[in-house]
Structures are given as C-alpha cells and as structure tokens.
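Numbering starts at 1 and runs along the sequence shown. Quick caveat: nothing in here was measured; it's all calculated off a predicted structure.
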Amino acid sequence: MAAPSDLAFDPWDPAFVADPYPAYAELREQGRVRYFEPTDQWLVAHHADVSALLRDRRLGRTYQHRFTHEEFGRTAPPPEHEPFHTLNDHGMLDLEPPDHTRIRRLVSKAFTPRTVERLRPYVRGLADDLVSALVEAGGGDLLRDVAEPLPVAVIAEMLGIPESDRAPLRPWSADICGMYELNPSEETAARAVRASVEFSDYLRDLIAERREHPGDDLISGLIAAHDEGDRLTEQEMISTCVLLLNAGHEATVNSTVNGWWALFRHPDQLAALRADHSLVPTAIEELMRYDTPLQLFERWVLDEIEIDGQVIPRGAEIAMLFGSANHDPAVFTDPSRLDLTRRDNPHISFSAGIHYCIGAPLARIELAASMTALLEKAPTLRLATEPQRKPNFVIRGLEGLAVEVGR
C-alpha cells in the first residue's frame, strides 16, 4: 500500500518503520495537517497541535456515546470481530465521559502516588533479581529476560493474577494490540478475537473466584467498590483489567529495549550515564522522547474543527503523531540529538488530557528500577548482535535485544 507520492509518511515501508523521524521532519515542513488516503485519516505532526488536540473535547476516542455508526457516517465492525470490540470498547481508554470519568475514578485509587510509591521496593527487588540472573548467565535477551517479565509481574501482582496463570498474559496482549496497527489484516483480527475471548473467559472466572474469596488486589477492590454503589459492569471490569495489563506493560517493555538500543548507538551518552547514575530520571524521559514507544494515537472528530484553515468535518479521524511531536524543533532544541541531561522535556509519550496515562508514575518507577539495576550489576553490558525491529509502526519495539555481560 503506497503513500501519496508527495508524502514521506509510509507506515508499511520497512525503511520508514526503522527510522520514521526524517519523514516526520518532512511532514512537519509540509504544514500542520495532511490527509492520508490509505487510512482515511488526517495526520497531525506538530507538538503544539497534538498537545492541544489531546485536550480538545470536540474529539473523542469513541463516538458511540453520541452517534450510531450510521449517523456518524461509519460502518459497523464485522460481526466476527465482535469479541475484540466488546472487550476494547468497554475499557476507559476508549470511553468518553461520563463512563470514562466513573471508571477512571475507581481505578485511580490503585494508582495514587502513595500506593505507587509503596510498590517501589517490590519493583526494585524484582528488577535486581532479573538482572542478577542475566549477569549470571553471561547475557541473554534483554527483552525476554528483563524488559518483559518486570512490568508484567508488577501489573499481574496488582491485579491479583496468580503467578502460575501469567504465561499467556503477554501473548494475549500482543495479539490484542495487533489491532491497534493501521489497517490490520484479517489474520491479525482473527488472532485478536481469539485472544479477546480467551483473556475474557479467564478474567470472568478470576472475578467469580475473587467474589467468593476477596484478596488485597485491584480486582477485589473493584468488586468491593461495585458492591458499595460505584457501579461497574462485569464487562467494564474485564475490559479495565485487560487495558491495565496491556497498557501497564507494553510501553514499559518497548521503552526499555528502545532505550538501551539507543544507548548502545550513542556510546558517549551511555558512558556519561554509567559515570553518573543520578542521570537516570532525565535519561528515562529523554529516551522515551527520542524513540517514542507509541507513535500514533487516534481521535474521532465529534464536532467540526479547523486546523490552519483546513476544515475537518464531523465523522473524520485524526491521527496524532506522537513520535513526530516529540521531535518538533519548535519545542525541543536539536531534537535529533540524544541528550540524557535534557531538562526542558515536555514529551507527550504518556499522552495528555483526560486520557493521560494513569500508570505513568508506575512506569517511571519500573524503568528506573531496571535501568539502575543494569547500570549497577552489569556495568559492562554490551550489544551481542544487531537487533531486528518489529514490523509494527504504531507500537514501536524490537523483536529482541541480545546482550552480553563480561565477567
């Protein structure tokens, strides 16, 4: 599927996926908004516009709270995709107020600064154990051995998912997240539907068990809140748990491997970080900006808007390019340069507005824990082989990151 001839944006081109940032620069130079016919979306590439639109209530993650598919000029999803959409559409990320407000208020109780801060010793201990095992083995796959198991274990622990049940969580998540790519194939959709059914069935059984035997976990807390009058349907509970699992690790996993891959390509920055571990907080923010884990976020136009003289009608879809916004020279000095000491860093990798990532403080704790553990326990960590980038565009990551640790 080819992009318009004058448009460098081509999310199906492996060369673009490998390094989209030069194309973003061209796109920004071409104006503030461009129509992209292959996906029937309006591309927004500038930081100021993306930041403003994330907060604009004329846009929404869904339109079904106000319009039917027909009224909005859209076709309903195929019936065979229904299990995925039922799961996806009842999570707070794809809801608008008042439903979004109600669910986020309940979930926020598990992500208060005090609650998240209490997790810090557990997260750090887990990161230390994972990195120690990596060092003992002389290396391995940083993705499989550290980046994935850390956040998956943390969010599974918060939800109360037994350790013996956690093996399918990451595969289910990967299959479901495949539907967030642009124009997903029928094969991708079939995998997402199957994962949606299996994950939902598992959580339905777990919720039933927690009703009988409550624990000190988020699922038990949501059940208790429901019983006390803060109503949450079973489907909303299931969808919320899936969203927390998916969002609770996907960005952290990819930020970890994208970040270390960037560090290996910038040995001067890695050397500075190894010499001064106090750079870890700014390093995390800069690495998330430099190679953004979520490249694109979509919104529906609920009420007509205008961008730079271009009227975008109700029923259209806007694709906000987070990766481009994070490299906008109007906001970031020398944006193509990796600078771990960068202080003025208003990146939007965690989104903004009412859909700002509720787990951002926890993600920062996890990223700091794994980075610090690797700096302290594996000071000679080096790349073993050149990594292969995943073919996905929207969720940006690596197939793996093979590393060695000298003894």
Side-chain angles (χ1 to χ4, degrees), residues 57 60-66 77 81-116 118-119 151-152 154-162 165-166 168-169 172-173 176-177 179-180 192-193 195-250 300 350-351 353-363:
R57 302 308 303 139
R61 283 290 294 170
T62 183
Y63 53 80
Q64 294 186 70
H65 60 307
R66 287 181 51 183
H81 296 178
E82 182 271 331
F84 165 79
H85 289 287
T86 295
L87 181 64
N88 185 72
D89 295 353
H90 287 82
M92 62 182 174
L93 184 61
D94 281 80
L95 290 171
E96 291 298 311
D99 290 329
H100 172 272
T101 309
R102 171 174 53 86
I103 297 174
R104 188 176 178 107
R105 184 179 65 247
L106 291 173
V107 176
S108 293
K109 295 175 183 178
F111 289 92
T112 64
R114 180 178 298 177
T115 303
V116 170
R118 281 205 300 264
L119 286 169
V152 170
V154 171
I155 197 65
E157 193 75 15
M158 290 182 71
L159 290 170
I161 297 175
D165 293 352
R166 294 176 187 175
L169 297 180
W172 279 338
S173 175
I176 290 169
C177 289
M179 284 292 275
Y180 304 140
V193 167
S196 298
V197 170
E198 292 174 359
F199 206 166
S200 296
D201 288 347
Y202 170 77
L203 287 169
R204 194 170 286 109
D205 290 343
L206 185 60
I207 289 167
E209 184 182 323
R210 287 292 182 273
R211 288 190 193 280
E212 293 296 319
H213 306 285
D216 184 20
D217 55 71
L218 182 52
I219 290 177
S220 298
L222 292 175
I223 293 169
H226 175 85
D227 293 343
E228 292 168 7
D230 281 326
R231 294 300 177 191
L232 208 64
T233 68
E234 184 175 75
Q235 183 57 61
E236 287 173 340
M237 209 176 294
I238 290 169
S239 296
T240 296
C241 291
V242 172
L243 172 64
L244 290 174
L245 189 282
N246 291 354
H249 81 276
E250 199 71 46
W300 296 106
F350 287 120
S351 191
I354 68 167
H355 289 291
Y356 179 79
C357 178
I358 198 170
L362 179 58

Note to self: Just to verify, what does Asp201 make a salt bridge (charged side-chain N to carboxylate O under 4.0 Å, His left out) with, not counting sequence neighbours?
What the structure shows: Arg204
Next item on the list: Check the angle between the aromatic planes of His100 and His355 and answer parallel, tilted or perpendicular using the 30° and 60° thresholds.
Entry: perpendicular
Check: If we only count heavy atoms from C-beta on, is the Arg102 to Pro97 side-chain gap below 4.5 Å?
Finding: no
Check: Considering the options Asn246, Thr240, Val242, which one meets the side chain to side chain contact (heavy atoms under 4.5 Å, CB included) requirement together with Leu244?
Finding: Thr240
Check: Minimum heavy-atom separation for Gly91 to Leu243, with atom names?
Finding: C-CD2, 4.4 Å
Margin query: If I compare all heavy atoms of Asp89 with all of Gln64, which pair ends up nearest, and what's the gap?
Written below: OD2-NE2, 3.9 Å
Notebook entry, point to check: How about Leu169 and Phe199: do any of their side-chain heavy atoms sit closer than 4.5 Å?
Noted result: yes
Checklist line | Over all atoms of both residues, closest heavy-atom pair of Ile103 and Leu232 | finding: CG1-CD1, 3.6 Å
Margin query: Nearest 0.5 Å, please: how far is CD in Glu209 from CD1 in Ile219?
Written below: 9.5 Å
Checklist line | Side chain Ser239, main chain Leu87, donor-acceptor under 3.5 Å | finding: yes
Item checked: Distance-minimising heavy-atom pair for Phe84 and Ser196 -> CA-OG, 3.4 Å
Item checked: Non-hydrogen atoms of Arg104 and Met92 that approach each other most closely -> CA-SD, 3.6 Å
Checklist line | Rounded distance (nearest 0.5 Å) linking atom CH2 of Trp172 with atom SG of Cys177 | finding: 14.0 Å
Check: Would you say Ser220's side chain and Pro214's backbone share a donor-acceptor pair under 3.5 angstrom?
Finding: no
Next item on the list: Calculate, to the nearest 0.5 Å, the distance between atoms CD and CZ belonging to Glu234 and Arg211 respectively.
Entry: 6.0 Å
Check: With no hydrogens and no angle check, is any side-chain donor or acceptor of Thr86 less than 3.5 Å from a backbone partner on Glu82?
Finding: yes
Check: Do you know which two heavy atoms are closest between Asp165 and Ile161, and how far apart they sit?
Finding: CB-CG2, 4.1 Å
Checklist line | Mutual orientation of the aromatic rings belonging to Trp300 and Tyr63 [parallel < 30°, tilted 30-60°, perpendicular > 60°] | finding: perpendicular
Notebook entry, point to check: How long is the gap from CD on Glu250 to CD1 on Ile155, to the nearest 0.5 Å?
Noted result: 13.0 Å
Notebook entry, point to check: Nearest 0.5 Å, what's the CD-CD1 distance between Glu212 and Ile207?
Noted result: 13.5 Å
Check: Does Glu96 come within less than 4.0 Å of Arg66, counting only side-chain N to carboxylate O?
Finding: no
